[in-house]
Structures are given as structure tokens and as C-alpha cells.
Protein chains: 4
Amino acid sequence: MPKLGMEPIRRRALIDATIEAIGEVGSLDVTVSQIAERAGVSAALAHHYFGGKEELFLATMRELLVRLGEAARQGLGRARTPRDRISALIAACFSADQFEPATIAAWLVFYVRAQSSESARRLFRIYARRLDSNLRFAFRQLTGTTDAVRLAEATAAMIDGLWLRHALKDGPPDPETAVALVEDFVDDALDARGRPAS
Amino acid sequence: MPKLGMEPIRRRALIDATIEAIGEVGSLDVTVSQIAERAGVSAALAHHYFGGKEELFLATMRELLVRLGEAARQGLGRARTPRDRISALIAACFSADQFEPATIAAWLVFYVRAQSSESARRLFRIYARRLDSNLRFAFRQLTGTTDAVRLAEATAAMIDGLWLRHALKDGPPDPETAVALVEDFVDDALDARGRPAS
Amino acid sequence: MPKLGMEPIRRRALIDATIEAIGEVGSLDVTVSQIAERAGVSAALAHHYFGGKEELFLATMRELLVRLGEAARQGLGRARTPRDRISALIAACFSADQFEPATIAAWLVFYVRAQSSESARRLFRIYARRLDSNLRFAFRQLTGTTDAVRLAEATAAMIDGLWLRHALKDGPPDPETAVALVEDFVDDALDARGRPAS
Amino acid sequence: MPKLGMEPIRRRALIDATIEAIGEVGSLDVTVSQIAERAGVSAALAHHYFGGKEELFLATMRELLVRLGEAARQGLGRARTPRDRISALIAACFSADQFEPATIAAWLVFYVRAQSSESARRLFRIYARRLDSNLRFAFRQLTGTTDAVRLAEATAAMIDGLWLRHALKDGPPDPETAVALVEDFVDDALDARGRPAS
DNA sequence: AATGAATGAGCCTTCATTCAT
DNA sequence: AATGAATGAAGGCTCATTCAT
């Protein structure tokens with residue numbers, strides 16, 4: 001039954017369906033029909049609203065990025081100290097939303113996509129830069145600039161690595177352990193900084 | 001004119017071509033024809049020798065895994081202390097061979113493939129388990145068992161994360177910095193271990 | 001806000017938009033949406049008023065035919081002699097209205113359409129018959145019946161041919177030259193008639 | 001049963017099938033599958049050999065043009081006088097090959113195509129220019145240069161017009177009458193030239 | 001040993017058309 | 001009077017795969 005104002009609803013449904021479908025299949029080899037069916041609409045409608053498969057994927061990536069950005073922003077808002085800010089960023093990356101199997105899978109898949117699609121890469125750069133600069137900024141208040149850069153990179157790498165490994169694990173996601181590993185790393189690294197001559 | 005004993009030559013050429021092609025395109029969306037052309041043979045021949053695209057990909061993954069395994073084995077052979085063994089493993093992961101753009105891309109792509117292909121996942125498990133157990137074994141000689149597990153996982157995660165990030169960078173690979181980051185992490189972590197109450 | 005008496009306005013707008021669209025694209029491969037947009041209405045409305053694409057095309061053809069018919073009638077009204085009548089018909093075919101690029105293109109396109117659509121062919125027959133009989137009638141007053149048929153056919157053919165060739169030319173239409181060519185042909189033909197044995 | 005050297009055979013079969021299919025349907029709205037089926041092959045093969053529908057159409061046009069060119073060349077070879085050359089060109093345009101219903105339809109359809117496809121237009125220009133220059137050359141030997149241009153254009157137009165009209169006629173083609181009309185036109189025109197003051 | 005020939009299956013995309021509002 | 005919403009049907013194209021040579 002056609003109603004007015006369906007567009008945002010359909011777009012949202014299609015994007016969610018895309019995440020689910022990619023999550024289930026574990027790759028971008030998902031047909032528009034599969035996605036549309038999951039969203040309860042025809043494939044033609046997906047094209048109608050997004051223009052094509054490529055754009056649907058891009059919109060989905062953007063959504064993923066936005067969600068992560070919001071999680072980070074909220075966490076940062078509640079943080080009081082620089083060390084808190086770092087924890088907030090780590091927590092955001094492993095928050096329930098982000099760590100659902102389908103979401104992890106979708107992230108990973110888009111990560112790879114970024115290798116071959118210029119538009120995808122552009123989107124990812126924005127995300128990477130934002131996370132990095134947030135981390136760097138927090139670290140800088142705890143160490144010198146040079147170390148901040150290093151530590152920010154290492155932290156980001158570990159986060160990504162844990163994501164990656166979770167994407168391949170069979171069992172349920174285990175965000176607590178992941179967070180603990182990164183936190184320990186940060187603690188140790190900052191600790192070592194404070195005691196230069198060991 | 002058909003020659004005798006061409007099989008190993010062709011197989012090798014096709015596997016190399018697969019790595020190159022995937023590296024260039026940045027995804028598994030490579031046609032058998034493209035690969036075959038790059039190897040200087042017909043697409044039909046690829047099927048003749050491998051049975052199908054799937055098997056060609058699997059063989060290529062296996063090759064990648066073997067190469068990494070060999071790099072690790074060689075490094076471990078020269079290592080004298082447990083700490084040396086850890087460094088050897090890190091170095092192997094970032095050795096010149098492994099860190100060529102095409103290879104990084106191929107790894108990443110196969111990583112994702114593992115999500116949807118049971119056979120691919122099986123192969124990767126073997127690799128992950130071997131790296132993990134090697135790391136764990138070395139760490140266990142420097143820390144307690146519990147910490148060894150944790151540290152091994154964190155180290156492996158950081159390595160994977162650095163790989164991932166390099167896969168998306170535009171510039172030339174920078175293995176030295178990557179190695180330094182991981183080594184620092186290990187140093188700091190072991191350091192912290194030795195001085196429990198900080 | 002819906003207004004009353006919109007029907008004729010919309011129909012006219014849609015027909016004009018059809019001519020323009022066909023003229024611009026140079027073929028019948030025009031979507032109903034494109035036409036509707038050009039007319040400033042929704043595609044659904046086009047169906048509402050015409051019933052379908054086919055009927056819209058047919059209505060457009062009819063319009064084209066009517067315009068040509070009117071141009072001819074007006075010219076014939078002012079003609080005094082049989083020879084004048086011939087000139088009037090020629091002039092009508094190359095009158096400004098008919099010789100606009102979009103109109104030429106539309107004519108040509110519909111001409112082809114007539115090959116595959118019975119209804120389109122029927123419309124064209126009416127036009128062709130009317131032009132032919134007008135020409136024949138005029139010629140008959142200047143020559144014998146047999147020759148009149150021949151000359152009418154030749155004249156009509158030349159007119160159509162000149163149209164065709166103009167449809168493919170890049171530059172601006174050149175009705176004067178076209179008219180001159182046909183007039184010369186008629187003159188020469190009639191001349192030859194008068195002097196049978198050469 | 002796959003054999004070697006099939007390519008030229010298949011190409012030829014596909015081109016012939018294209019002409020037939022277009023001729024039967026009377027428009028370019030022919031699917032590749034229809035054409036392929038008529039040629040006794042799969043649609044995929046058509047793409048394999050031609051790359052796409054567009055190229056298949058272009059190749060078909062080229063073939064049509066070549067056939068016409070050959071008919072003209074043969075006729076010209078046998079012509080002794082300038083007037084003979086003109087007749088030869090006219091005859092070529094209405095020769096049995098060219099005047100088959102399917103061929104006429106295909107010509108007409110491609111003629112229209114030229115309006116929207118740059119590549120098609122380019123091909124047609126070549127044909128038009130060649131026919132024109134041949135005609136002009138012959139006329140120039142019989143009249144002054146200025147008249148030659150005019151007469152060549154008028155002749156070409158009449159030929160095209162007769163083609164056009166035949167394309168829409170239901171009955172069987174009637175090349176003799178068509179040729180007679182054009183020949184009469186040429187005769188009368190040349191006659192008139194010779195007797196300037198009437 | 002190697003390949004040209006050939007195809008079936010499947011996907012993206014377009015578009016005319018319908019319907020409820 | 002007019003339109004946004006929605007879809008079924010169909011077409012072009014790609015590609016892995018097979019087969020006879």
C-alpha cells in the first residue's frame with residue numbers, strides 16, 4: 001500500500017538489509033535482489049532509491065562510519081581526562097553495536113573494497129584520520145608529540161587487528177577481552193614512557 | 001609445441017599470475033581469463049590444471065601461507081633466545097617478500113574470503129594457529145602462561161592490524177616502522193610484566 | 001491544486017514534449033519519464049491522459065500530420081493555377097514549421113516506426129495518399145493522366161529524399177535550396193512534357 | 001561441434017541474421033538473443049565476437065555499405081560514357097541485392113540510427129559522400145560544375161526518397177519503376193540544360 | 001599439452017505501467 | 001487533477017566452464 005514519505009524508511013531498510021546480507025554471506029558477492037528481498041521490496045526499488053549497487057554499498061559504508069562516529073562522540077563527551085578519552089575511543093570501537101558479527105563482517109568487506117574503489121577509499125580515509133587524530137590528541141597530552149604519533153598508530157593498529165581476527169572467529173564476539181588487551185597495551189606503553197631508562 | 005614436464009611450470013606461473021592480478025585489482029573480482037592471460041596461457045588451461053577457479057584460489061592461498069611459514073622457520077632457526085624468537089616471527093611477517101603490495105593485497109583479500117569459504121577458513125586457521133602457538137611458546141618462556149596467551153594474541157593482532165593499514169595506504173610499504181611498533185609493544189609489555197606494581 | 005480544464009493543456013504540453021524529446025535524442029528511445037519531465041508533469045499523468053506510450057506516440061504523429069495538412073491547405077487556398085498548387089505543396093513541406101530540426105527528426109523516426117506499427121502505418125498512408133492525390137490532381141491539369149501519376153510520385157519521392165538528407169545533416173536546415181531543387185525538377189519535367197520528341 | 005576458423009563464418013552469419021531480424025521487425029528493437037537464435041548460435045557468442053550489440057549493428061551497417069559500394073563499382077566498371085556512369089549508379093542503388101525488403105528496412109533503420117549515434121553517422125557520411133562525388137563527377141562531364149552539384153544532389157535525394165517510400169509499401173519491391181523515374185528525371189534535367197532558354 | 005569454440009546461468013539495470021492517495 | 005510508490009518483465013552483458021580438436 002503506497003504511502004507518502006516512504007523514502008527514508010526504504011533507504012534505511014535497504015541499508016540494514018545490505019549490512020545483514022553482507023554479514024551473512026561474508027563478502028560483497030551479494031545480489032541486489034537478495035538485499036531487496038531481505039528489505040521486503042523489489043530489486044527495482046533499490047535502484048530507484050540508490051541509483052545502483054555501487055551507491056547502495058557506498059551509502060551503507062557511510063552509515064557504518066556514521067554510527068561509529070557517533071559512538072565515539074558520545075564516549076568522548078563523557079570522558080574527563082586524556083586517559084579517559086583514549087578508553088572512550090577504544091570502547092567505542094568495541095561497543096555492542098560495532099561488534100555484532102554482521103557489522104564486523106561488513107566492515108571487513110568494505111575495508112577490502114577500499115582497495116579497489118576510490119570512493120570507498122575516500123570514505124575510509126576520513127574515518128581513519130578522525131580516529132587517529134583523536135587518539136593522537138589524547139596521547140599528546142600524556143606524552144611528547146613523537147611518541148603520541150607512534151602510540152596512536154600502534155593503538156589503532158591493534159584495534160583493527162582485533163577486529164580482523166574477530167571477523168574470522170566462529171564463536172560469539174568477545175569485546176571485553178579485546179578491550180582489555182588494548183587497554184593493557186596503552187597502560188604498559190604509557191608506563192614505559194614514564195620510566196625511560198629501564 | 002607441447003613440451004613434457006610443463007605442469008609444475010604452468011602451475012607456478014598461474015599462481016604467481018593470480019597473486020599479481022589480485023594485487024592489481026585489489027579484490028577477488030578477477031576473471032580466470034585475466035589470470036590466464038597474465039600467465040601467458042589460455043583460460044582453459046587454468047581449468048585443466050586446477051579444476052576450477054575456486055581451487056586456483058585455494059592453491060594460491062596455500063602458496064602464500066607456505067611462503068610465510070618458510071620465512072618464519074628460517075628466522076626461528078637463527079634465533080637463540082626466546083626474545084629472539086619473537087623478533088624473528090615479527091620480522092618474518094614484515095619481510096620483504098610478504099610486504100610487497102601485491103602480496104599484502106592478496107592476503108587481505110583472502111582474509112575476507114575466509115569469511116565465506118569454509119576451505120579458505122580452514123587454511124587460515126592453520127596459519128593463525130601456528131603463528132599463535134609459536135608466539136605463545138616464546139612468551140611463555142618469558143612470562144607466565146596466562147600472560148603469554150594474552151601477549152601472543154595482542155602481538156598477533158597488532159601485526160595483522162599493521163598489515164591491514166598498510167594495505168590501504170597509498171605510499172610504498174614501510175616495514176621498518178611497522179616492525180619497530182610491534183617490537184616496542186613487546187618490550188613495554190615484557191617490561192611491565194617484570195615490574196608488576198607500578 | 002488541481003484545476004479544471006487542464007486536460008487539453010496537458011495533452012498539448014505532452015505532445016510538444018514528445019516532439020522535442022524525440023528530436024533531441026533522434027530516436028524513439030525516449031522514456032515516458034523524460035517526456036513527462038519535459039512537460040512538467042509526472043509520468044503517471046502521461047499514462048492517465050493517453051493510456052500508454054504507444055498512444056502518446058500515435059497522438060504525436062497525428063499532430064504532426066495535422067500541422068502539415070494545415071500548412072498544405074493554407075497554401076492551396078492561396079494558389080491560383082495548377083502550377084501554383086504544386087508549388088504550394090512543395091512549399092508546405094519545407095515550411096519553417098516542418099523544417100525545424102526537432103520536427104524533421106520526429107518525422108523521420110515515425111517514418112521508420114510505420115514499418116513495425118500497423119497503426120502508425122495507417123496514419124502515414126493517409127498523409128501519403130493525400131499529398132499524392134493533391135499532386136496528381138495538379139499535375140493532371142498540366143499533363144496527361146499517366147504522366148501525372150509518374151510525376152507526382154517522383155516529386156513526392158524527391159521531397160521525402162530531401163527531408164531524409166536534411167535529417168542527417170549537421171548544419172542548420174536549408175529549405176530554400178531544397179525547394180529550388182524540387183521546383184527545378186518540376187519545371188524541367190513539365191518542360192520535357194511539352195516537347196515530347198527531343 | 002567446435003571447429004577451427006569458425007570466426008569469419010559466425011560473424012557473417014550473425015550479420016546476415018541481424019539484417020534479416022531488423023528487416024522482419026522493422027526497427028532496431030531487436031534483441032541480441034533473437035539475432036543469435038536466427039544465426040543458430042547463443043547470444044553469448046554474439047557478444048564474444050562483436051563485443052556488444054552496438055558493435056554488431058555497426059558491423060552490419062558497414063557490411064551493407066560495402067555491398068552497395070561493390071555494386072556501384074561493378075556497374076561503373078562496365079560504364080562507357082558519363083551518362084552510362086549515372087545510370088550505373090542508379091542501377092546499383094536499386095539492384096536486386098539492395099532492394100530486398102529486409103535490406104531496405106535495415107537501411108532505413110540505420111539511417112535513423114545515424115541521427116543519434118555518432119559512429120553510425122560517420123559511416124553514413126562516407127557512403128553519402130562517395131555516392132555524391134561519383135554522381136557529381138559524372139554530371140560535371142555533362143554540364144557545368146554548378147549544375148552538376150545541384151543535379152547530383154537532386155538525383156541522390158530522389159533515390160533516397162524512392163527507397164524510403166518503398167520501405168513503407170506493402171507490396172513487393174518494384175525496382176524497374178523506381179529506376180525509370182530517376183532516369184526520366186536525369187534525362188529531363190540534362191535536356192533542359194541543353195536548351196537553356198525555354 | 002594446449003586451445004578456440006561455445007554456452008548456460010546469473011546479475012545489474014531500465015522502464016512502462018499500476019495503484020492508492 | 002495529479003503523483004509518489006512500487007513492481008514485473010525483459011534485455012545486455014559477463015564469466016566460469018566444457019568439449020572437440
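These numbers were taken from a predicted model, which means no experiment stands behind them.
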With the side chain of [X] defined as its heavy atoms from C-beta on, choose the nearest nucleotide among [options].
X: D:Leu45; options: F:dT17, E:dC12, E:dA6; value: E:dA6
X: B:Ala43; options: F:dG12, F:dT17, E:dA1; value: F:dT17
X: D:Ala44; options: F:dG8, E:dA16, F:dT14; value: F:dT14
X: B:Lys53; options: F:dA16, F:dG12, E:dA16; value: F:dA16

- Write out the stems for DNA chain F, ordered by first number and formatted as range with range, counting runs of at least 3 consecutive Watson-Crick or G-U wobble pairs under 3.5 Å. E:2-21 with F:2-21
Between atom [atom1] in [X] and atom [atom2] in [N], what is the gap in whole Å?
X: B:Ile35; N: E:dT3; atom1: CD1; atom2: P; answer: 16 Å
X: B:Gln34; N: F:dT17; atom1: CD; atom2: P; answer: 15 Å
X: D:Glu37; N: E:dA6; atom1: CD; atom2: P; answer: 17 Å
X: A:Met6; N: F:dT3; atom1: CE; atom2: P; answer: 20 Å
X: A:His47; N: E:dC11; atom1: NE2; atom2: P; answer: 12 Å
X: D:Leu14; N: F:dC13; atom1: CG; atom2: P; answer: 14 Å
X: A:Glu7; N: F:dT3; atom1: CD; atom2: C1'; answer: 14 Å
X: B:Phe50; N: E:dA1; atom1: CZ; atom2: P; answer: 14 Å

- Task: Could you tell me whether A:Glu118 and A:Arg121 have a side-chain N and a carboxylate O separated by less than 4.0 Å?
- Result: yes
- Is A:Asp16 paired with A:Arg67 through a side-chain N to carboxylate O contact shorter than 4.0 Å? yes
- Message: Quick check against the 3.5 Å criterion: does D:Arg11 have a side-chain atom that pairs as donor or acceptor with the backbone of D:Tyr49?
- Response: yes
- Can you establish whether the number of heavy atoms outside B:Glu37 located under 6.0 Å from its atom CD is more than 12? no
- Query: Starting at the 5' end of DNA chain F, which residue's closest nucleotide do you reach first, B:Gly51 or D:His48?
  - Reply: D:His48
- Toward the 5' end of DNA chain F, which comes first, A:Gly5 or B:Thr31, by nearest nucleotide? A:Gly5
- Query: How long is the span from the OG1 atom in B:Thr60 to the CZ atom in B:Arg113, to the nearest 0.5 Å?
  - Reply: 11.0 Å
- When the nearest nucleotide of DNA chain E is assigned to C:Glu54 and to D:Ser42 on a heavy-atom basis, which residue is associated with the more 5' position? D:Ser42
- 5'-most contact on DNA chain E (nearest-nucleotide basis), B:Val41 vs A:Val30, goes to B:Val41
- Item | Residue pair C:Ser117 / C:Glu54, side-chain heavy-atom distance below 4.5 Å | yes
- Note, C:Val30 side chain near C:Glu20 side chain (heavy atom, < 4.5 Å): no
- Message: Students often mix this up, so state it plainly: with edges at 30° and 60°, are the rings of A:Tyr127 and A:Trp107 parallel, tilted or perpendicular?
- Response: tilted
- For B:Arg10 and E:dA2, is the shortest distance between a side-chain N/O and OP1 or OP2 below 4.0 Å? yes
- Message: Regarding D:Tyr49, tell me which of base, sugar-phosphate or nothing describes its non-hydrogen contacts under 4.0 Å with the strands shown.
- Response: sugar-phosphate
